[in-house]
Amino acid sequence: MKRIVIKVGSAVLTENNKIAKERMLNLVSLIASLRKSYEIILVTSGAVAAGYSALKLDKSKQISKKAIAAAGQPILMSSYKKKFDIYNIDTAQILLTEDDFDSRKRTKMFQDIINTHLDNNIVPIVNENDITATPEELFGDNDQLSAYVAHSTNAELLVILSDIDGYYDKNPTEYKDAKIFKTITKLPKNALIGEATPNNTFATGGIITKLKAADFLMQRGRKMLLCNGFDLDSAKSFLLKGEHTLGTLFMSE
Ligand code: GLU
């Protein structure tokens with residue numbers, strides 16, 4: 001069976017500083033229907049966003065952000081559990097840091113754990129371990145984490161569900177005539193230069209971190225689809241019908 005990684009960000013999972021339950025349910029129901037054709041690993045953000053509803057500290061301070069994330073993980077996971085329960089699907093939580101990918105022993109350990117979950121029909125839900133990781137060990141954004149997860153678990157495709165429809169030739173919020181790229185086989189020059197540009201207060205990524213994730217995967221012969229996470233139609237048609245409607249597919253030539 002084909003293996004894919006689906007990554008959903010805080011911008012999609014959050015509404016007014018709380019988990020957007022309906023959007024989470026739509027995602028879970030998509031995963032439930034995809035399970036007939038794919039092995040699925042979910043990479044999710046949202047711990048800090050969920051934690052903030054319980055602990056309103058200044059998240060620009062490192063320790064406060066960690067405390068918020070620690071409060072948020074169980075809120076996030078119980079929210080997922082309630083929704084996966086509707087479909088009788090069991091889930092498991094995997095928290096990783098950059099170091100897990102640096103050491104072969106540690107990588108093998110989480111690979112074996114994820115394989116065990118998938119062999120037993122459990123959906124592994126991965127997030128960065130925001131709590132114990134030192135700043136040097138943190139990816140800081142789940143776009144790049146999800147690319148590493150996709151590569152190290154041998155997934156053929158990473159689907160990033162985002163607050164945009166895909167990758168545009170210019171900023172669509174500034175330019176009305178911005179056009180979406182359907183397929184990218186080579187990133188435009190300087191595409192990876194720049195700061196992270198999240199649109200949402202709890203998001204850490206933005207287009208640059210998504211392009212870095214795409215670049216990482218393309219260099220390793222893997223694919224990435226960047227598409228809308230508010231409206232899952234483009235993800236559905238791509239994954240269930242093999243029709244590429246909206247969204248940008250990144251793949252090496
Ligand atoms: N790990 C962070 C969280 O769960 C999110 C990182 C990101 O936004 O990509 O809140």
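All figures in this text were calculated on a predicted structure; none of them were measured in a lab. Indexing begins at 1, ligand by ligand and atom by atom, following the structure's order.
Counting heavy atoms closer than 4.0 Å to ligand 1, residue N127 contributes side-chain atoms (C-beta onward) but none from N, CA, C or O. Both the backbone and the side chain of V48 come within contact range of ligand 1, each with a heavy atom under 4.0 Å.
Considering D130, V126, T44 only, the shortest heavy-atom separation from atom 1 (N) of ligand 1 involves D130. The closest non-hydrogen atom to atom 5 (C) of ligand 1, taken over A11, A49, S45, A47, comes from S45.
A salt bridge links K210 with D143: the closest approach of a Lys/Arg side-chain nitrogen to an acidic carboxylate oxygen falls below 4.0 angstrom.
Of the N or O atoms in G46, one or more lie within a sub-3.5 Å distance of an N or O in ligand 1. Between D143 and ligand 1, no N or O atom pair is found at a separation short of 3.5 Å. Taking distance alone, with nitrogen or oxygen atoms compared against 3.5 Å, N142 approaches ligand 1 more closely than that limit.
For the pair K108 and F110, the cation-pi test (distance below 6.0 Å, angle within 45°) is failed.
G9 does not count as a contact of ligand 1, since none of its heavy atoms falls under 4.0 Å from the ligand.
Looking at heavy atoms from C-beta onward, M218 lies in side-chain contact with I184 at the 4.5 angstrom threshold. Using a 4.5 Å cut-off on side-chain heavy atoms (C-beta onward), Y38 and I6 make no contact.
If you check the side chains of E136 and T134, you find a donor sitting under 3.5 Å from an acceptor. Side-chain contact annotation: Y80 with T91, donor-acceptor N/O pair under 3.5 Å absent.
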